[in-house]
Amino acid sequence: MKLFDRLLAIDRRIIFLLVAIAVTLPLFSKTILHIEISPMVKGVYDAVNNLPPGSKVLVTFDYDPASAPELQPMALSFFRHCFSKDLKVIIMGLWPQGPIQANIALEDVFRIPEIKAKNLKYGEDYVNLGYMAGNEVVIQRMGSDIQATFPVDYSGNKTSELPLMKGIKNFDNIDFVYNLSAGYPGTMEWVQFAVDRFHAKLGAGNTAVQAPGMYPYIPRQLVGVLGGMKGGAEYEIIDKHPARAVSYMLSQGVSHAVVVFFIIIGNLAFFATRGKRKTSE
Amino acid sequence: MSTNLGVWIAAFLTLGIMSFLYKDNPIYKFCEAVFVGVSAGYWFVTEYFTVFLPKVWDNVETAINVLQAEGRMDWFHWSYLLGGILGVLMLLRLVPKIGWISRWPLAVIVGTTSGLWLINYLVSNAMVQVRQTIIPLYVAGNLNASIGNIIIVVGTFCGLIYFFFSKEHKGVFGGAAKVGIWFIMITFGASFGYTVMSRMSLLIARMDFLVGTWLGLLK
Amino acid sequence: MRRTLPIAVVAGVGLFMLVQYFIPLEEFETLYEWALDWTMVIGCFAMLLGLYSLTTMMVTKVKRKAPGWGYSLVALAGLFFMVFVGVVPHYQDSLKYGTLFMDIFEYIYIPIQAAMFSLLAFYIASAAYRAFRARTVLATILLVSAIIIMLRLVPLGPLSGINQWLVNFILTVPNMAAKRAFWLGVGLGATATALKIMLGIERGYMGRD
Amino acid sequence: MKDKYIFRTGVLLIFLFMFTSLFLGMDTCLAQEMGEAEILEDSLAQPPAPPTNVVAKDAPNDNGHALLVTWTLSADDGVGRNNVVSYQILRSDSPEGEFEVRGLVPAGENIFSDEGAKEKEDANYFPPHKDFYYKVRARSDGIFSDSEVSAPAQAYGQWYHTGKTPVLFAVIIFSTFALVFITVARKGKELYIRPLAGIEAVDEAIGRATEMGKPILYILGLGSADMIATIASFTILSRVSKKTAEYQTPILIPCCDPIVMAVAQETVRAAYLEAGRPDDYKQENIYYLTSMQFAYVAGVNGIMIREKPATNFYLGKFYAESLLLAETGSLAGSIQISGTDEIAQIPFFVAATDYTLIGEELYAASAYLGREPVLLGTLKGQDWAKALVMIFLILGALAATFHFQWFLNLLKVQL
């Protein structure tokens with residue numbers, strides 16, 4: 001019984017330490033946790049996979065560094081998938097720090113030997129249009145004229161002079177839109193404006209907290225959604241290129257198990273000592 | 001080990017903040033002081049560039065230019081000066097004798113938003129939610145959906161009963177209120193469980209930074 | 001003058017904002033935009049109040065050599081350095097990337113923020129341990145629902161399928177129902193509060209005398 | 001005092017009712033006359049028959065920079081020679097003047113909204129109160145035929161948006177409920193309200209701090225001063241600080257927004273005055289920290305660990321920081337009372353604090369603490385509105401089950 005009393009009064013720092021270990025140790029392991037592919041992720045993957053080479057994909061970065069742990073791996077695996085299929089990528093952001101996150105992801109993807117070998121050129125294979133203020137109004141304006149909405153790209157080049165942007169007028173010329181979002185403006189706005197008004201084809205990657213809110217839109221307005229780190233890992237698995245998210249999933253699994261374990265131990269101790277406490281009270 | 005100065009600074013600050021988990025200590029206090037000071041300064045500068053310059057300065061400048069060039073009063077742009085004056089009135093709080101004048105700008109803010117909130121909450125929280133809960137109780141040929149819909153309507157109904165303030169939660173009414181709070185508790189549990197993944201992601205990224213980027217121990 | 005006028009202003013401006021919702025006229029649109037801009041402008045002037053408050057507090061601490069006054073000095077230094085590098089080179093927009101101002105933000109502010117945010121992972125575990133005890137029916141429901149959701153990331157072998165079904169059910173059915181009830185309650189409560197503010201009934205925010 | 005309330009509520013009511021009676025009677029439906037297309041003999045070879053009955057009129061529910069053009073389809077649209085590809089809409093400011101193309105719609109459509117910008121500087125500026133003439137051109141491949149020029153029409157803004165009538169009704173019904181019960185409550189009728197654990201714990205929590213000789217920490221959240229949750233929190237603060245004034249317990253309020261700070265100072269000062277202890281009020285205990293979320297939390301956490309307050313209140317708008325605050329507080333051994341309307345954060349408050357006010361309970365708290373008839377009255381009115389919502393919920397579900405579309409349309413709101 002002593003043990004249970006001690007467990008109930010456990011120093012919080014021991015829990016903290018165990019959480020830190022549960023998160024850190026698995027980072028050293030190469031074990032890959034078995035992950036079921038959900039239909040939501042498969043929906044996005046299939047939509048991209050079925051695009052013919054040369055198709056134009058618009059990727060919108062609507063998040064900032066605070067949500068990067070969850071969304072950055074999704075950006076990376078999506079870029080890898082697009083470039084390996086020779087799709088043309090157009091990047092933009094409705095959050096000021098979004099296009100910067102995109103550049104970080106691009107740097108990372110170009111380190112992959114297979115992509116590096118393709119020798120992709122800015123302006124021909126991919127462009128970064130940068131950030132535009134105005135939230136959903138930006139999407140609305142893009143519906144009539146993308147080049148007028150973004151007269152210059154992230155580094156100040158005239159959009160009309162970029163070879164990739166030739167012939168791109170509005171959403172009719174975009175084959176797929178992929179939205180990475182951590183809040184407002186985000187997937188909800190893209191559904192309401194790009195899909196409902198201009199009939200774009202949309203897939204999304206969201207934080208774990210947000211993703212369930214998007215389920216009602218699938219599959220009519222949204223081909224699928226990647227939810228949190230797990231969604232990112234599923235995409236990497238289905239794409240057969242396990243990367244960062246997959247390697248982190250072991251940490252997720254262990255740390256979740258540890259939290260559940262704490263709850264169970266706490267309850268065991270609670271019930272084991274309950275009778276005793278009643279008498280002493 | 002990283003050779004990048006930025007990485008070292010970031011690692012120091014990260015460890016400093018995390019040391020709070022063990023106990024309050026001088027390094028945490030230092031990081032906290034830096035954080036509070038830098039963030040307040042950052043906020044001030046952002047307000048200056050995103051509100052004061054475009055909304056007050058630029059508009060008044062335009063108004064003055066119009067007055068000088070065309071000799072007429074451009075009331076539209078001058079009106080922003082009024083907003084600026086209200087802002088200055090807010091600062092009169094610092095003068096004890098006439099501090100009460102600062103209630104005027106406060107009244108403008110509260111009045112503006114109370115009218116807005118009234119409509120916003122009524123439309124998007126009450127009316128839209130009612131409309132979305134209007135779902136058929138019976139979906140032909142789909143037992144799962146039918147049962148799900150019935151549970152949703154019953155749950156919403158009971159949940160609302162829980163929020164009744166002017167009736168004692170007794171008898172059938174009390175029973176329904178109890179079912180309502182059960183539903184609410186399921187949601188709270190789910191939302192807690194769901195958030196764990198997001199929060200763990202943040203910690204994983206930090207640990208990856210410390211162990212991988214900074215110490216270079218991974219791979 | 002001190003109290004009646006502000007309350008009349010609240011009622012008048014509030015009523016205007018309420019009514020303009022129903023009036024599509026251009027003049028009303030403009031007035032609406034002004035009102036919103038003004039609240040922003042007042043807020044940005046109030047920043048000076050905040051700075052004054054923070055500075056006086058810190059300076060007093062330093063002057064009195066109160067415990068921890070050194071940290072107040074650090075915070076003051078951080079604050080004024082930020083304001084200085086942000087506002088003084090006025091000829092350029094400090095919020096653009098690559099300025100000293102943004103560098104400090106990126107290399108000092110962002111790492112601390114990320115570390116602070118990540119503390120939540122530790123706290124969520126300790127809160128779960130301490131609070132999730134099956135003391136009452138309500139607490140049991142809360143903890144069972146949380147465990148079911150958390151277990152979706154833990155390999156359970158043959159039980160995974162059942163768990164997946166439960167997770168889906170919880171998220172799409174009871175979760176939906178309770179959220180609706182919650183939002184409806186909040187919607188009606190907030191509408192009532194807004195009405196009380198406009199009518200001058202709720203005026204704790206205005207002080208007395 | 002009493003007369004003032006009646007006057008104020010009266011004015012509001014009269015205004016709202018005037019509003020409805022004025023505008024609900026107006027004919028607002030958009031007439032869409034669809035004439036039967038006559039089938040013409042296929043005698044002439046090329047151009048399609050011109051559209052007829054071109055009518056331009058002001059577009060409804062707008063700010064006065066658009067006209068709505070309708071016409072009867074060409075006799076060769078879908079039937080006859082069936083060679084209409086599209087219709088071009090042309091506009092001029094005189095019947096003989098030069099017509100400019102304003103828009104294009106595919107064959108089969110007979111309505112076009114000619115919209116323009118409201119800024120005079122804009123190239124697409126659409127002047128209101130000016131006569132415009134329209135004609136519609138039925139187009140086939142390279143050949144076309146024009147309709148007759150329409151009668152002139154002017155664009156003007158409307159005084160009422162007819163799509164928003166359900167909202168207007170909702171506002172009226174809601175206000176009526178509230179006002180009726182305020183009147184009832186003021187007449188002295190005793191109104192019952194059920195107990196709320198979080199509210200009943202307030203006195204106890206302040207008492208504990210007094211016994212321990214430690215301060216109370218009151219956090220107003222991250223919201224700005226105009227948010228409903230923050231305003232509800234101010235009202236609670238005014239009660240709490242009156243108690244602390246009576247017990248002579250210091251109250252610390254670090255703020256995240258300068259205006260919130262100003263209001264909090266005002267509120268607490270007034271409460272101390274009311275408690276008869278204006279000299280005990282310390283302005284330096286209510287201060288601004290920073291407006292950035294996590295920096296604010298870092299600061300507050302420091303205060304909790306160093307000052308060791310006996311009681312922490314978290315009432316207002318909270319986001320991800322809720323758990324950081326509440327766990328640190330519990331580590332410091334404080335009694336904690338929390339409340340917010342942010343649904344994602346309530347689970348953490350429920351888990352880590354002793355008492356939590358859930359959503360609407362936070363707004364109701366002011367009525368509980370104040371026990372003023374007007375506040376209790378609005379609470380009762382709120383409950384009636386809730387009952388009405390519940391009736392709608394059940395009727396709606398039944399209507400949806402048995403496909404009564406007209407009932408569902410009642411709730412359609414144009415945003």
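Letters go in sequence order (proteins before strands), and every chain restarts at 1.
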Can you tell me if [X] uses its side chain to pair, donor with acceptor, with the backbone of [Y] under 3.5 Å?
X	Y	answer
C:S118	B:L203	no
B:N125	C:W183	yes
C:T39	B:I109	no

At a heavy-atom distance under 4.5 Å, which candidate from [options] has the highest pair count against chain C?
options	value
B:K178, B:M207, B:R93, B:Q132	B:Q132
B:P26, B:A11, B:S198	B:P26
B:F188, B:F52, B:F12, B:Y80	B:Y80
B:W117, B:F44, B:F209	B:F44
B:V153, B:L94, B:I9	B:L94
B:I204, B:V36, B:L160	B:L160

Engaged part of [X] at the chain B interface, taking heavy atoms whose separation is under 4.5 Å:
X	value
C:F80	neither
C:L184	both
C:I108	both
C:T30	side chain
C:V144	neither
C:A128	both
C:I170	side chain
C:F84	neither
C:L76	neither
C:I197	side chain
C:L54	side chain

Chain C heavy atoms under 4.5 Å from [X]: which part of the residue, side chain, backbone, both or neither?
X	value
B:F20	side chain
B:I184	both
B:V88	both
B:Y28	side chain
B:F163	side chain
B:E32	neither

Surrounding NZ of C:K61 (heavy atoms of other residues, nucleotides or ligands, distance under 6.0 Å), is the total greater than 12? no
If you count the non-hydrogen atoms of other residues, nucleotides and ligands that lie under 6.0 Å from CZ in C:F28, is the total more than 12? yes
Can you tell which of [options] has the highest number of heavy-atom pairs within less than 4.5 Å of chain B?
options	value
C:G78, C:G185, C:G12, C:A192	C:G78
C:A139, C:A46, C:A194	C:A194
C:Y109, C:F169, C:Y123	C:Y109
C:M176, C:K196, C:Q20, C:Q113	C:Q113
C:F132, C:F81, C:F182	C:F132
C:A178, C:A127, C:P111, C:A75	C:A75

Does NZ or CZ of C:R152 come closer than 6.0 Å to the centre of the six-membered ring of B:Y194, within 45° of the ring's axis? yes
Check whether any side-chain heavy atom of [X] sits under 4.5 Å from a side-chain heavy atom of [Y], and report yes or no.
X	Y	answer
B:L116	C:Y32	yes
B:F192	C:I124	yes
C:L153	B:M197	yes
B:L118	C:T193	no
C:M102	B:Y42	yes
C:F45	B:I85	no
B:V38	C:L79	no

In Å and rounded to the nearest 0.5 Å, what is the [atom1] to [atom2] distance from [X] to [Y]?
X	Y	atom1	atom2	value
C:T191	B:M127	OG1	CE	10.5 Å
C:I141	B:M185	CD1	CE	8.5 Å
C:K179	B:S191	NZ	OG	6.0 Å
B:M200	C:L120	CE	CG	10.5 Å
B:W43	C:L51	CH2	CG	12.5 Å
C:L119	B:R199	CG	CZ	12.0 Å

Mind listing the closest non-hydrogen atom pair of [X] and [Y] along with its distance?
X	Y	answer
C:A177	B:I152	CB-O, 3.4 Å
B:S114	C:M198	OG-CG, 3.3 Å
B:V45	C:G86	CG1-CA, 3.8 Å
B:M90	C:L49	O-CD1, 3.9 Å
B:G83	C:I42	O-CG1, 4.2 Å

Would you confirm whether the ring centroid of B:F30 sits within less than 6.0 angstrom of the ring centroid of C:Y71? no
Distance-only donor-acceptor check, side chains C:W38 and B:T112, under 3.5 Å: no
Can you list everything that forms a side-chain contact (heavy atoms from CB on, under 4.5 Å) with C:V9? Sequence neighbours excluded, please. B:A107, B:V108, C:L5, C:V13
